[in-house]
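Below, chain A is the first sequence line, B the second, and so on; all start at residue 1.
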Amino acid sequence: MAVDIYISAFDKTKIQDTVSGAMSKYVNLQDQEYEERLFLHRVIWMLVFVAIVIAVLIRGLYKLQVVEYSEHATKSKKNQYVIEPVPPTRGLIYDRNQNLLAGNVPTHTLEITPEQACQTRKTRSNCMKKLLRVLDGLITINEKDWRKFHKAYSKNRRYAKGFQSIPIRYNLTTSEVAVLAAQRYRLPGIHIKASQKRYYPYANSLSHVIGYVRRVDQTIIDRWTPEQKINYKGTAFVGVKGIEKQYENILHGVKGNQRNERNVFGRVISSKLIKPSVPGKSIYLTIDKRLQEVAENALGAKAGAVVAIDPNSGEVLALVSKPGYDPNQFVSGISSQQFQQLQLNKARPLYPRALKGTFAPGSTIKPFYALGALYYDLTHGKKMFSCGGTFRIPGARHTWHDWKRGGHGTLNLAKAVRRSCDIYFYDLSAKMKIDRISEFLTLFGFGQPTGIDMPRERLGVLPSRAYKIKQHKRKPRTPNMSNLQWRQYKALVRQRQKWYLGDTISVGIGQGLFTSTPLQLASATATMANRGKLVIPHLLRAVRPSGSKDLYYLTPEVENSAIKEYKIDKKFLAEVKRRRKVLGLIKPEHWDYVHQSMVDVVHAPGGTARRLIPLAKKEFEFAGKTGTAQVVKIKKGDHWSKKKVPEHLKDNALFVVFAPADKPKIAVAVIVINGGHGGAAAAPIAGKLIRTYMDILNQQNKPAGENNSNDTLLTKDTPDPSTLTVKNLLKRPVVNSKVLKPRVPNNLRKSNPRINKKIKQPAITRSNTSNTTAVTSTTNNVNIDSGTTSSNTHGGTNVKKPVARKKAQKARAMTRARARARLREIDLEKKMQKQKQNQKQKKNDEIRIIETPKPR
Amino acid sequence: MSYSYQKYGALSQGSPSMRRALTRFNIDVPLLFLVSLVLILGLFILYSASSQSVETTFKQIIRILFGLLIMWLIALASPITLKRWTPVIFLFGLFLLALVPFFGVEVNGAKRWLGTPSVRFQPSEIMKLALPMMVAWLLAGARLPLQFKHLFMGLIVIGIPTYLIYSEPDLGTSLLVALSGLILLFLAGLRWWIIILTAIAMAISVWAILEYRLLPEYQMKRIETFLSSDSKDLKNALWQSRQSEIAIGSGGVYGKGYLQGTQSQHGFLPEAETDFIFALVGEEFGLAGALILLMLYLLILFRGLLIATSAKDTYSRLLAGTLSVIFIVYVCINMLMVSGMLPVVGLPLPMISFGGTSVVTILASFGILMSIQTHKKLI
């Protein structure tokens, strides 16, 4: 019934198709069945197709998720995580008294992440333009920064690294940071990144010593080794000059890694430190900031250089090149205008005169000649030399003049040095001959590297036959040269290469071809001072790993130092050893003679540097030599008048000096460019420097009870320089292992009672509890020390010696902590308690043996 | 009128009284059960895909509820009513499609939408239902197996909307719409030799398209990037499918865990909420999760085909069969596309992807299935 209704209602066409109404029902039902079967058939076929497709799909999924799982998992990890370098904090630089010379200060950088700023790729360039315009309205961004940014931006775009942030402005000021932070809602994709940059608090003062760091750029990167490139990923600054360059490896530290989880725009969601960075080690220089300042102030507005060396250890106490520049300018990129200003400045502030300036040493070379004369026995014996103010070589037309018209009359070698008689040294050099001159002066390091731990020192010129030959090298014959021409040319070259006696004469007073750097002069003076115990000047005093309180010292054995970054060339070391050996052949009385003559320069009547006498305050004697070096040649017949000479052609004033004369503690070389007379312009500078140094030493040697000044306390832990002669050091066994043993600076000791207890100052210790005490050299220690280092006789010379306590004093005045540190290590545990008890008991006794400086 | 419960009872899963109650409201319980299961799973997946956006999920819930309402309303109507209204619906759909070139809203260089940019719908979505209905209507009176006359008429009915949609341009949808018509023709008993000949012709035309670049430039590019499958060429379009492959592949067998997918949660997965949502399933639930989801879809297909085979007239039978098959075709194409085995054509995963029209269309087609299933007693 229902079927009928259905058919009649909907399948009218079919009904019409059928032959008859009666049959229609039947046919349709049959059709229906057939259609159902057909449909079922087709559905099954459809299912087969679907099954095939599903099978393909499952196979695909299986391949992705099972077969290639690890590959895709890695890729997903790569998407998710980025390993970012964590740059280490750069080590600090201190002077010997722990004054900070180079530190790190926070700085803010503005960065843009393009993909975050403008998310749609198609409209990004427009959107970026808009954003940058907004940014430009908020803060000032100069041309150079724009150029840098656009370069980096287009590069990033090319490599589809939109999620990487690009720096746009460095060194934001606090107000700029505040403005940007307030407007942050307008500036999507903009971050302010805090980092550290180098800061040099003394600016101009130590620029040539410390140098500076510069932002890493492509030219620097290209020079690096692959390992360096890896370690410097993420590092913004690298040392390019001075100590910053020399000890880059110490200061930089080791890069760390962090794993950042990020999203597709590069925004960091979380980060995990995989490997912490190791901050760079801090460096302590041998420079004493106070001396440096004194020398700089004394030089005043004049250009010049001052080098002060401790002749016992080779520590460079002051290294002044004036004028200096502000290294802070270079840290975050100096503008080309500023740089040009520095370069075009006639005073040449970028020129490190102390290391690279080569000047004629002038008369300062005379003491060395005097020593040479004694060594080669070229003196006139007891006979006096007559100086008439002029000097001629037989057969030559030229006449050499003394600086003093009319000459100095009759004089011997000592007097010739004292009065700086040129004629005597013309004569001497003529006798000594150039070969012996160059051989002998090489011993003092002229024309040789000093071995200082600074990049690229200059050597100056110590004239010799070889030098002149090298200077005038024969060029190869050109094809169009006739035989005659070639012969003539060869003869000319031969003539030029030939060493003439006339050349020797001007070398005899440190002029002519002779040049040296102020550092070489100071180093030679130090060698003179310590009687040939050649020391290698160095600036590195100690290294302190970050976070540690322990200092690792370079001394006493500079040559076998455990600090591997301090390198000495093996060839150079061999040469130094050879020179030491030869210098050792010079008789002590010869040294005495020359030292005395140098003392006379200052202290005897007729000396050229007598204005230093008051500075000595009768405590000690200076031993010096003035020098006045001509800057231009005077033509024959020209009238030389000081007043008429323009400023830049005035003589260079030089002075070399060491003090005290009998027990040298400091050797100084001073050059004042166009300063005029050495005794007048250069000597007072050296005098003031030495006076200051002596005051510092005196203060140190005073008992701690009388001296509450903090900074002298800081220097206390250094060994007394006077006892650190090479001889002394060599006597001590197992020196190397000692260097590695960390020592704690005094100020740290003071603050840390635990360390204070452990490593005790045998000689002078400032008590925490008492203001009035005290020398705490306990009898315990004295006994131990006298057993092992009794051979040491250098200690305590400038101390009054009460006979009764000779033994105790000897040990105390000896190298303080150093010599005993090892012993203390051995039986520290045993003695600790004992010492503690003894200390209190002995206090009263000890007060009586307070050192007092020996009056002079 | 007598009801014979035994016939359906074997298929039902709920309690007889419950089933009876729902059936009275023209609802097919097994189908509703499966559909709800997928929809609920879909909401969880969407919540993860939208970076845990409650707002997005809530929007989708509203749309699903709307879709379910439409489904129920359609289920209420009997197939007879549906059949009567079929030509009207189809012509109305054609009319809307014809309006698109003139009043359409342009998004990303293609005019596919009607309405305002914020409230808009695609007339081609209506065609997804209207076309199979129309072809079924055409063939309902035809003697099977298919005669040439009907085949010809059917092809014309398929051709017109296909062309209109293709010229929007929307190649993906036009192909799918055409496919639904062709599936219907196949189910209606299209002769095998015609099918084989057409397959050969298709192969030749595909070759011609690729050789002479007959499609619009952006379509060609999409197809080319898929075919070139050069792993070095990571640029733009390929980047999407690469990232999607990485997402699925990195899921492994058991997945990274719900809400733990790094590719999708960190935005590396393109269009994670919509077309590429299956990649998230692969990433967070692994092969196991993907297979379970596929199984649910297949169960829906089986239920649909069962409804189709038990239908009492040609129109219902063909329509039900076609809707079931085209549903699984959508699923397969989307999954194949997301897992990198087909070019990116822009097709959402039925019932899971975010988006209103898709879910409403699919639920409407289930409404038709339910209508066919629950109105059988009238026949």
Side-chain angles (χ1 to χ4, degrees), chain A residues 1-3 5-7 9-14 16-17 31-32 34-36 38-47 49-51 53-54 56-81 121-122 160 261-265 267 269, chain B residues 1 80 83 140-145 183 186-190 234-236 239 242-243 245-253 256 262-263 265-269 282-283 286-287 290-291 294 298 301-302 305 308-309 312-315 317-318 321 325 328-329 332 335-336 339-341 377-379:
Chain A
M1 187 60 191
V3 174
I5 296 166
Y6 176 70
I7 290 168
F10 295 99
D11 274 9
K12 273 176 191 161
T13 45
K14 270 193 180 172
Q16 282 159 7
D17 279 352
D31 269 0
Q32 205 73 11
Y34 169 72
E35 279 179 22
E36 260 176 39
L38 180 73
F39 183 74
L40 200 64
H41 215 244
R42 285 295 159 109
V43 164
I44 289 167
W45 269 111
M46 212 69 231
L47 279 176
F49 290 144
V50 169
V53 173
I54 298 281
V56 168
L57 176 64
I58 291 176
R59 192 190 142 272
L61 288 177
Y62 181 81
K63 190 181 157 222
L64 279 177
Q65 298 188 296
V66 179
V67 180
E68 295 171 354
Y69 166 70
S70 56
E71 185 191 320
H72 286 115
T74 321
K75 278 182 187 164
S76 152
K77 282 254 162 62
K78 251 188 212 167
N79 268 343
Q80 184 190 1
Y81 298 115
R121 243 168 240 240
K122 279 178 190 164
E261 189 175 0
R262 55 156 201 196
N263 68 3
V264 72
F265 306 121
R267 200 186 59 185
I269 293 155
Chain B
M1 301 268 177
I80 302 164
K83 192 178 175 188
R143 188 186 291 255
L144 298 181
I183 287 170
F186 175 79
L187 290 177
L190 193 62
L234 259 170
K235 276 172 199 166
N236 303 329
W239 191 77
R242 296 285 306 174
Q243 291 301 330
E245 274 177 49
I246 291 170
I248 296 175
S250 64
V253 178
K256 293 176 182 170
T262 52
Q263 285 285 101
Q265 302 296 333
H266 292 177
F268 291 97
L269 193 62
E283 188 184 17
L287 184 62
L291 288 182
L294 192 60
L298 284 174
L301 168 75
F302 294 149
L305 289 179
T309 46
K312 283 294 161 198
D313 67 316
T314 314
Y315 174 79
R317 196 182 295 137
L318 291 178
V325 171
I328 204 72
V329 166
C332 287
M335 287 182 175
L336 287 169
S339 48
M341 286 175 275
K377 67 235 174 206
L378 290 175
I379 301 166

Between [X] and chain A, which part of the residue has a heavy atom less than 4.5 Å away: side chain, backbone, both or neither?
X	result
B:Leu305	side chain
B:Ala247	neither
B:Ile183	side chain

*Give a yes or no answer on whether the side chain of A:Arg42 reaches the backbone of B:Phe186 with a donor-acceptor pair at less than 3.5 Å.*
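Yes, the answer is positive, given that a donor and an acceptor are paired below the 3.5 Å cut-off.
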*Does B:Gln263 offer a backbone N or O that forms a donor-acceptor pair with the side chain of B:Glu283 under 3.5 Å?*
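Confirmed, B:Glu283 side chain pairs with B:Gln263 backbone.
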*What residue, out of B:Leu294, B:Leu291, B:Val253, has the most heavy-atom pairs lying under 4.5 Å from chain A?*
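Ranked by heavy-atom pairs under 4.5 Å with chain A, first place is B:Leu294.
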_From CA spacing to verdict: side chain to side chain contact (heavy atoms under 4.5 Å, CB included), A:Asn79, B:Gln243_ = CA-CA 9 Å; A:Asn79 268 343; B:Gln243 291 301 330; 2.7 Å; yes
Just so I understand: if I count every heavy-atom pair under 4.5 Å between each of [options] and chain B, which residue has the most?
options	result
A:Val56, A:Val50, A:Ile54, A:Val66	A:Ile54
A:Thr74, A:Val53, A:Val43	A:Val43
A:Lys63, A:Gln65, A:His72	A:Gln65

_Side-chain heavy atoms of B:Leu318 within contact of A:Phe39, under 4.5 Å_ = yes
_Heavy-atom side-chain proximity of A:Leu64 to B:Leu287 below 4.5 angstrom_ =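 No; the side chains remain at least 4.5 Å from each other.
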*Where on A:Phe49 is there a heavy atom nearer than 4.5 Å to chain B: the side chain, the backbone, both, or neither?*
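The answer is the side chain of A:Phe49.
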*asked:* Any salt bridge linking A:Lys75 with B:Glu245? Criterion: basic side-chain nitrogen under 4.0 Å from a carboxylate oxygen.
replied: no
